[in-house]
Amino acid sequence: MTEGTHFIPTIALAELAPGGMRRVSSGAREWLLCRAGSEVHATQVMCSHADARLDEGRLKGHRLICPMHGAAFDVRDGRVLSGVARAPIRSYCTRVQNGIVEIADAADFG
C-alpha cells in the first residue's frame, strides 16, 4: 500500500465471525470478506472460472472453495490452489480501524 491510500469502510469486525464470510458493497463495488483466524481478507465475489458466487461456497482456513465446481483459492492473494479454475481471483488489502473492516480502494493501485 502507498501512503495516502484511500480505504472504504464496510462492516464492524464483530459482524464477521472467525471462519465466516460476508458479501459487502459500497456503491457499485462488491467484495467478499473472509475471516481466517484473526485475519480479515477481501476478494472479488464471483469465481474466475464460472458464474458462481463465492459467498455461497465454503471457507476452510485460508482456502475459499467455489460452490459450483469446487475450485479453491487462497484468500490472502487470490491464487488458485486446486480445481478447474486457471485464473486467480482478485484480492484487496484490508485493515481494521476502530472496529470497522476497511478495504483499500483498488483505484489507488492502478
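Numbers here simply count residues along the sequence, with the first being 1.
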- Answer whether the closest heavy-atom distance between the side chains of Phe73 and Ser91 falls below 4.5 Å. no
- Looking only at heavy atoms, the pair that brings Cys34 and Leu59 closest together is CB-CD2, 3.8 Å
- Message: Which residue in the set Val24, Val101, Asp105 passes side chain to side chain contact (heavy atoms under 4.5 Å, CB included) when paired with Ile8?
- Response: Asp105
- Do you know which two heavy atoms are closest between Thr94 and Val40, and how far apart they sit? OG1-O, 2.6 Å
- Any chance the side chains of Ser48 and Arg90 put a donor and an acceptor closer than 3.5 Å? no
- Minimum heavy-atom separation for Ala52 to Met68, with atom names? CB-CB, 3.7 Å
- Give a yes or no answer on whether the side chain of Thr5 reaches the backbone of Ala104 with a donor-acceptor pair at less than 3.5 Å. no
- Message: If I compare all heavy atoms of Met21 with all of Gly57, which pair ends up nearest, and what's the gap?
- Response: CE-O, 3.3 Å
- Item | Leu33 versus Ala42, closest heavy-atom pair with distance | CD2-CB, 3.9 Å
- Do Val45 and Ile89 come within less than 4.5 Å of each other through their side chains, counting heavy atoms only? no
- Message: Within the structure provided, determine whether His49 and Arg86 are in side-chain contact (heavy-atom separation under 4.5 Å).
- Response: no
- Side chain proximity check, Ile11 to Ile100, heavy atoms < 4.5 angstrom: no
- Query: Closest heavy-atom contact between Ala17 and Arg35?
  - Reply: O-CB, 3.6 Å
- Option passing side chain to side chain contact (heavy atoms under 4.5 Å, CB included) with Asp55 (candidates Met46, Glu30, Arg23): Arg23
- Query: Short question: side chain of Glu102, backbone of Arg95 - any donor-acceptor pair under 3.5 Å?
  - Reply: no
